[in-house]
Amino acid sequence: MLASLAPPLLDWLPRQRWFAGKGSPVTGLAPVTAVDLLPLGPPGGAPGLLHLLVRARQPGTGSDDCYQLLLGVRHVLPPRLAPALVGRPDGGPLRGLAVYEALADPRLAGLLLERLRVPGRLGPLRFAREPHTDLPAGLAPRLLGVEQSNSSVVYGDSYILKLFRRVGPGVNPDLELPRALARTGCARVPAPAAWFEAEPPGATEPMTLGVLQPFLAGSADGWRLALDALAAGDGFTAAARALGQATAEVHRALAAALPTVDLDPPRLERIAAAMRRRLDVTAEAVPALRPYRDALRAAYDELTRPPGPGRPRRAQRIHGDLHLGQALRTAADGRWSLIDFEGEPARPLAERRRPQPVEQDVAGMLRSFDYAAAVGRAGTEWAPRAREAYCDGYAAAHRDPREDGPLLVAQETDKAVYEVLYEARHRPDWLPVPLSAIRRLAERADGVRRP
Ligand SMILES: Nc1ncnc2c1ncn2[C@@H]1O[C@H](COP(=O)(O)OP(=O)(O)O)[C@@H](O)[C@H]1O
Ligand SMILES: O=P(O)(O)O[C@H]1O[C@H](CO)[C@@H](O[C@H]2O[C@H](CO)[C@@H](O)[C@H](O)[C@H]2O)[C@H](O)[C@H]1O
């Protein structure tokens with residue numbers, strides 16, 4: 001079946017926002033699993049729903065990533081679904097049929113919820129749910145239009161299903177961590193209600209494919225709220241402080257729920273080495289970063305010097321890609337919740353599941369205030385105030401993340417380097433935002449190198 005689907009998919013896949021392999025051509029697709037979730041009916045009857053895991057061949061990248069696709073199949077595509085068209089295969093069993101993004105079709109998205117309501121297996125797919133959750137039938141689905149790393153469908157403003165696009169063996173932290181947090185009673189993170197995974201033939205571990213969790217209706221994300229506050233000339237320090245507190249609570253709950261480790265010198269050296277590697281890879285890909293490479297390395301060297309006495313460094317499971325867009329505040333009670341514990345989508349899963357210093361998350365959020373200030377054209381004081389308020393809130397609920405300056409600066413540098421690559425690949429117009437932070441961090445590191 002894939003042979004006839006391959007030509008339209010080869011054209012369509014690299015254009016999707018969630019396609020992670022931008023920058024290298026896709027030369028072929030290899031099927032991993034194919035499951036008919038709903039067989040195509042006769043003309044005028046039910047659409048078909050095909051679940052596919054495909055490996056995209058990208059020579060020279062060192063890895064052929066596996067992607068999850070949900071494809072609708074119809075004899076005739078109604079005009080409202082025209083933007084979702086992937087293509088019309090010109091041979092094989094799908095010849096002449098319209099193949100399209102199934103999540104855009106409420107009938108097919110609804111079927112996914114039905115599958116999640118009833119635990120069980122279907123070929124290599126396994127559907128599971130928390131035993132005592134009440135999942136009503138027939139909730140109206142709508143595909144979220146936001147441009148993200150994955151795809152999400154909201155059901156009746158009650159639940160949201162996140163479908164991971166680039167998938168790999170091992171439990172996804174976006175299922176693992178919220179489940180662990182739910183067990184501790186931490187209410188800052190929506191608890192998974194159901195999920196599904198695949199066990200392809202020969203796989204050593206299942207791949208998490210999707211997670212259903214309660215939808216926080218009436219909430220707005222921190223990025224939107226920060227930009228709104230900036231446009232209105234309102235302050236953001238109270239919100240930032242509360243967000244710092246929420247982050248600290250989640251970190252404390254994660255440290256209680258899952259193993260933590262000492263950041264001894266060999267571990268710190270490994271962290272610094274990984275940061276240097278990311279810097280080198282990014283400087284190769286983005287020439288604008290090259291003039292700052294040596295100065296930034298100094299920040300990583302600082303990290304490996306022994307910290308002051310009484311400052312034990314520890315690592316634990318963290319969010320891994322914390323920014324304002326990952327924090328939702330409900331209008332009714334002004335409470336912050338954190339979402340999207342997948343970690344940085346570009347990093348290998350095993351690395352994302354490794355314990356890290358909490359400063360990595362704190363640095364991510366600090367960078368985000370900087371982004372909001374740049375995009376919202378804030379005055380020079382806005383970001384420093386928000387950053388301080390966030391750290392104050394964090395310190396009040398846990399410990400002060402500013403205490404270990406070298407660790408925080410190294411993490412912030414690493415994050416800004418990540419953002420340079422992210423923006424170069426996904427939003428080149430935004431590249432100046434992390435680059436201006438890189439300039440600032442490089443000047444600071446130069447000051448440390450030549451006091
Ligand atoms: N539990 C939730 N309640 C309300 N909105 C949510 C919830 N989870 C996610 N969202 C919305 O969906 C968007 C995408 O979710 P996210 O987990 O960040 O996916 P991605 O990995 O694709 O970025 C978020 O920016 C947020 O607007
Ligand atoms: O899609 P995800 O939420 O998993 O995260 C990716 O996309 C983010 C952009 O939406 C990106 O975040 C960067 O841009 C944000 C503003 O749009 C800014 O607030 C963040 O600080 C900045 O890192 C994130 O890095 C990326 O992993």
Side-chain angles (χ1 to χ4, degrees), residues 16-20 68 103 142-167 172-175 177-178 182 187-193 208 210-227 230 243 319-331 335-347 352 360-376 383 386-387 390 411-412 414-427 429-435 437:
Q16 302 313 299
R17 160 68 165 78
W18 42 260
F19 178 70
Q68 173 174 212
L103 300 179
R142 76 183 153 89
L143 177 61
L144 273 192
V146 281
E147 291 271 290
Q148 300 286 347
S149 307
N150 296 289
S151 300
S152 297
V153 183
V154 176
Y155 292 95
D157 268 7
S158 306
Y159 287 93
I160 179 165
L161 171 63
K162 174 167 170 177
L163 289 134
F164 300 106
R165 291 303 197 161
R166 191 169 68 113
V167 294
N172 191 301
D174 207 10
L175 173 62
L177 298 186
R188 290 284 188 184
V189 175
T208 311
V211 180
L212 185 78
Q213 56 169 251
F215 181 71
L216 301 173
S219 65
D221 72 71
W223 176 251
R224 187 72 272 141
L225 291 167
L227 289 186
L230 272 163
L243 184 52
H319 180 283
D321 188 19
L322 196 60
H323 57 81
L324 281 162
Q326 317 283 39
L328 302 181
R329 200 176 66 182
T330 21
R335 233 179 112 75
W336 286 107
S337 299
L338 302 187
I339 56 162
D340 195 2
F341 283 71
E342 204 188 351
E344 281 173 10
R347 291 199 196 194
R352 288 190 259 143
Q360 185 182 313
D361 278 351
V362 172
M365 194 58 88
L366 298 183
R367 288 286 315 118
S368 206
F369 292 124
D370 206 44
Y371 256 76
V375 173
R387 289 163 62 104
Y390 178 77
Q411 294 290 353
E412 202 179 339
D414 185 47
K415 186 74 196 179
V417 168
Y418 164 80
E419 289 168 346
V420 165
L421 192 60
Y422 180 87
E423 301 303 356
R425 288 200 173 145
H426 295 274
R427 306 182 291 199
D429 291 355
W430 286 47
L431 189 52
V433 180
L435 275 179

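Numbering of residues begins at 1 and proceeds along the displayed sequence. Numbering of ligands and ligand atoms starts at 1, following listing order.
One option in Arg367, Arg427, Glu419 has a heavy atom closer to atom 15 (C) of ligand 2 than any other, and that option is Arg427. Here the shortest heavy-atom distance to atom 5 (O) of ligand 2, taken over Asp370, Leu227, Asp321, Asp221, belongs to Asp321. Remark: among candidates Val154, Leu216, Leu328, Leu161, the nearest residue to atom 27 (O) of ligand 1 is Leu328, based on non-hydrogen atoms.
Among the atoms of Gln213, some N or O lies under 3.5 angstrom from an N or O of ligand 1. Checking only distances, Ser149 does come within under 3.5 Å of ligand 2, N or O to N or O. Below 3.5 Å of separation, one finds no N or O of Tyr371 facing any N or O of ligand 2. Ligand 1 has no nitrogen or oxygen under 3.5 angstrom from a nitrogen or oxygen of Ser151. Checked against a 3.5 angstrom limit, the closest N/O atoms of Asp174 and ligand 1 fall outside it. For a threshold of 3.5 Å applied to N or O pairs, the pair formed by Ser368 and ligand 2 contains at least one separation below that value.
Interface atoms of ligand 1 facing Gln326, defined by a heavy-atom separation under 4.0 Å, are 18 (O). For ligand 2, the atoms closer than 4.0 angstrom to any heavy atom of Tyr418 are 25 (O), 26 (C), 27 (O). Counting the atoms of ligand 1 from 1 in the order shown, those under 4.0 Å from a heavy atom of Pro190 are 1 (N). Interface of Glu342 with ligand 1, defined as ligand atoms under 4.0 Å from a residue heavy atom, comprises 21 (O).
Between Trp223 and Tyr371, the ring-plane angle classifies as perpendicular under the 30° and 60° cut-offs.
Salt bridge Asp361/Lys415: absent, no basic N to carboxylate O contact under 4.0 Å. Comment: Asp157 engages Arg142 in a salt bridge, judged by a side-chain N to carboxylate O separation of less than 4.0 angstrom.
Counting heavy atoms closer than 4.0 Å to ligand 2, residue Gln326 contributes side-chain atoms (C-beta onward) but none from N, CA, C or O. At a heavy-atom distance under 4.0 Å, only side-chain atoms of Pro345, from C-beta outward, approach ligand 2. With a heavy-atom cut-off of 4.0 Å, Pro214 touches ligand 1 through its backbone alone. Contacts between Asp340 and ligand 2 below 4.0 angstrom, taking non-hydrogen atoms only, involve the side chain exclusively. With a 4.0 Å cut-off on non-hydrogen atoms, Asn150 touches ligand 1 through its backbone as well as its side chain.
A distance of 9.5 Å separates CG in Asn150 from CZ in Arg17, rounded to the nearest 0.5 Å. The CG atom of Leu366 sits 5.5 Å away from atom CD of Glu412, with the distance rounded to the nearest 0.5 Å. Expressed to the nearest 0.5 Å, how far CG of Asp221 lies from OG of Ser337 amounts to 12.0 Å. Leu177 CG to Asp340 CG: the interatomic distance, rounded to the nearest 0.5 Å, is 11.0 Å.
The shell of residues lying under 4.0 angstrom from ligand 1, judged by heavy atoms, includes Leu144. In this structure, Glu342 has no heavy atom closer than 4.0 Å to ligand 2.
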Full working for side chain to side chain contact (heavy atoms under 4.5 Å, CB included) between Gln326 and Asp321: CA-CA 8 Å; Gln326 317 283 39; Asp321 188 19; 3.8 Å; yes

Could you check Gln213 against Ile160 for side chain to side chain contact (heavy atoms under 4.5 Å, CB included), going step by step and ending with a plain yes or no? CA-CA 6 Å; Gln213 56 169 251; Ile160 179 165; 3.7 Å; yes

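Ser152 places no side-chain N or O within donor-acceptor distance of the main-chain N or O of Leu144, the cut-off being under 3.5 Å.
Nearest heavy atoms, Phe19 versus His426: O-CE1, 4.2 Å.
Using modelled atom types and a 3.5 Å distance limit, the side chains of Arg165 and Ser151 yield a donor-acceptor pair.
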